[in-house]
Protein chains: 2
Amino acid sequence: MKYSISKENYLKAIFHLQNENGVVTTNELAAALLTKPASVTDMLKKLKAQRLLIYEKYKGFKLNNEGRKVALQIIRKHRLWEYFLVEKLQFGWDEVHEMAEELEHFTHKKLIDRLDTFLNYPKSDPHGDPIPDSNGKFDQQQKQISLPHLSLHRTAKVLAISPQTKEILELLQHKNILIGTKIEVKKKFSFDDSLELKVNNRTAVTISAAVAKSILVNDDQ
Amino acid sequence: MKYSISKENYLKAIFHLQNENGVVTTNELAAALLTKPASVTDMLKKLKAQRLLIYEKYKGFKLNNEGRKVALQIIRKHRLWEYFLVEKLQFGWDEVHEMAEELEHFTHKKLIDRLDTFLNYPKSDPHGDPIPDSNGKFDQQQKQISLPHLSLHRTAKVLAISPQTKEILELLQHKNILIGTKIEVKKKFSFDDSLELKVNNRTAVTISAAVAKSILVNDDQ
DNA sequence: TATTTTTTTTAGATTTGTCTAAATTTAATT
DNA sequence: AATTAAATTTAGACAAATCTAAAAAAAATA
Ligand SMILES: [Mn+2]
Ligand SMILES: [Mn+2]
Ligand SMILES: [Mn+2]
Ligand SMILES: [Mn+2]
């Protein structure tokens, strides 16, 4: 099956919204795709007719098995291209998302599998998000906690950033906080919940509560 | 400026047809794009309105400066991706054209320039066609002659294949004739104009007149 | 030159994805 | 429960790219 770029974007967005709640609403999806609720309703009908979606009028919607399968392949492509752009073309992890938004719609499965081989089957993308294999499966993720929940003086590794706005990624890039970076919380200031960190056992860095919440580290309790 | 995939395909096809004649006709272009003359006329009006094309009703058409510039960038992308697919992802030169047809429409100029750097600024694609630089210029090509015009017992290097149908490329792949391959003509049979070759100073290979005409080698008179 | 054939353009439809404005359904509040 | 507000869907329109059938122009040929 081949689906239009627009349909693929809808499927991927539904997949991501589902992960947080269970069922997705028209307004939510319209906001995520920067489009109008009426356009979403139009598309939902088409996706349902193509048997990619479970949807009853006014009841919300979610992907069925086939829709999930398609979404996972798009996510696989997105993340493999991001990895390629960072590892091979030397882009910063904060500049690759937009390019991957375009590349993820490329259709030749064989190319994607070869790219995977060329990159040596990476397990996660430059933002720490797992890369599904060609069957749509990915490894069990390590348990993650956000930085404000990490105990003082316990060293942990950055696994992911969420949400990943261009702005946060740019800031973290500047402070040398990357996926895989070792972080220890040295001090919590209750005044504004800002944190002072040791990054890679070296520099002392201060970050706001908002930034701290977006940094996910491993929870090795 | 950003142009639709469809418009880009029109511009590229016009560019290639121009190189043979000077002015392009509606039927020619329709045939090249596997579409109908009426559709071509529709698009010509749009391209003219966007100032990419010189076109008067019933008079044929050709690219103007701006159109040529756009076409050359698409060709640059096409050929760089082909090079990438062959050199890095280990595809055969006979399988990459279709994939490049899709990849050539990706828009981020910075990505293409980084890809160029990553590939070490290749001068020509896997089929021997020159790759324009980021300003749309390419090197002066070596003088080319087709194999039937090469003198007996003179060794020459394969520079290009033209035309490049999937079928010819597959056949040449099978006979180990690639860009850069050294060829010597051992014998010409006047009965059917078939040739017996020495390929890379080793095997004796026989090819038909039709195949020979499509192989272009350097003319070192 | 007159007639026929070929090429090109126009007219009118269709599909896909989008939009605004209005109608309908569901949810929240008095 | 009645009313108001919010969410969702429908109706009708539009732009892009395509098509078929018919008309118009150019080229070929008798
Ligand atoms: Mn991304
Ligand atoms: Mn990512
Ligand atoms: Mn090609
Ligand atoms: Mn090529």
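Chain letters run A, B, ... following the sequence lines, proteins first and then strands; every chain starts at 1.
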Practice task
Please say whether the positively charged group of Arg68(A), taken as NZ for Lys or CZ for Arg, lies over the ring of Phe15(A), i.e. under 6.0 angstrom from the six-membered ring centre and within 45 degrees of the axis.
Solution key: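 Here Arg68(A) fails the 6.0 Å and 45° test against Phe15(A).
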Problem - Phe118(A) six-ring centre to Lys88(A) NZ/CZ under 6.0 Å and within 45° of normal - result: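 Yes, a cation-pi geometry.
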Write down the distance between [atom1] ([X]) and [atom2] ([N]), rounded to a whole number of angstrom.
X: Leu11(A); N: dG17(C); atom1: CG; atom2: P; result: 11 Å
X: Lys36(A); N: dT20(C); atom1: NZ; atom2: P; result: 5 Å
X: Glu28(A); N: dT8(D); atom1: CD; atom2: C1'; result: 13 Å
X: Tyr10(B); N: dA17(D); atom1: OH; atom2: C1'; result: 8 Å
X: Tyr3(B); N: dA17(D); atom1: OH; atom2: P; result: 13 Å
X: Glu8(A); N: dT16(C); atom1: CD; atom2: P; result: 16 Å
X: Leu47(B); N: dA16(D); atom1: CG; atom2: P; result: 12 Å
X: Leu29(A); N: dT18(C); atom1: CG; atom2: P; result: 11 Å

Taking only side-chain nitrogens and oxygens of [X], does any of them come within less than 4.0 Å of OP1 or OP2 of [N]?
X: Lys46(A); N: dT16(C); answer: no
X: Thr35(A); N: dT18(C); answer: no
X: Ser39(B); N: dC19(D); answer: yes

Exercise for the section: Could you tell me whether Asp116(A) and Arg76(A) have a side-chain N and a carboxylate O separated by less than 4.0 Å? Expected result: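 Salt bridge between Asp116(A) and Arg76(A), a charged N being under 4.0 Å from a carboxylate O: yes.
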Problem - Glu56(A) bridged to Lys48(A) by N-O distance under 4.0 Å - result: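 Judged by the 4.0 Å cut-off on N to carboxylate O distance, Glu56(A) and Lys48(A) do form a salt bridge.
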Problem - Side chain to side chain, Lys62(B) and Ile14(B), heavy atoms closer than 4.5 Å - result: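 No. Closest side-chain heavy atoms not under 4.5 Å.
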Practice task
Could you grab the distance from atom CD1 of Ile5(B) to atom NZ of Lys7(B), nearest 0.5 Å is fine?
Solution key: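 Result: 12.5 Å between the selected atoms.
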Problem - Steps toward side-chain contact (heavy atoms from CB on, under 4.5 Å) verdict (Met99(A), His78(A)) - result: CA-CA 9 Å; Met99(A) 289 180 264; His78(A) 182 106; over 6 Å; no
Completion exercise
Secondary structure of DNA chain D per the Watson-Crick/G-U criterion (both distances under 3.5 Å; [ ] crossing, | other strand, . unpaired) is ||||||||||||||||||||||||||||||
Practice task
Going 5' to 3' through nucleotides 9-15 of chain C, assign each nucleotide B (protein heavy atom under 4.0 Å from a base atom), S (under 4.0 Å only from sugar-phosphate atoms) or - (no protein heavy atom that close).
Solution key: BB-----
Practice task
Between dT8(D), dC19(D), dT7(C), spot the one nearest the side chain of Asn27(B), thanks.
Solution key: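 Given the options dT8(D), dC19(D), dT7(C), the side chain of Asn27(B) is closest to dT7(C).
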Exercise for the section: Might you confirm whether atom NZ of Lys175(A) has over 12 heavy atoms from other residues, nucleotides or ligands at distances under 6.0 Å? Expected result: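 Count over threshold, so yes.
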Problem - Of Asn27(B), Thr25(B), Thr35(B), the residue whose pairing with Val40(B) passes side-chain contact (heavy atoms from CB on, under 4.5 Å) - result: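 The passing option is Thr35(B).
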Exercise for the section: Could you tell me whether Ser6(A) contacts a base, only the sugar-phosphate backbone, or nothing, with contacts defined as non-hydrogen atoms closer than 4.0 Å? Expected result: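 Counting heavy atoms under 4.0 Å across all strands, the contact made by Ser6(A) is with sugar-phosphate only.
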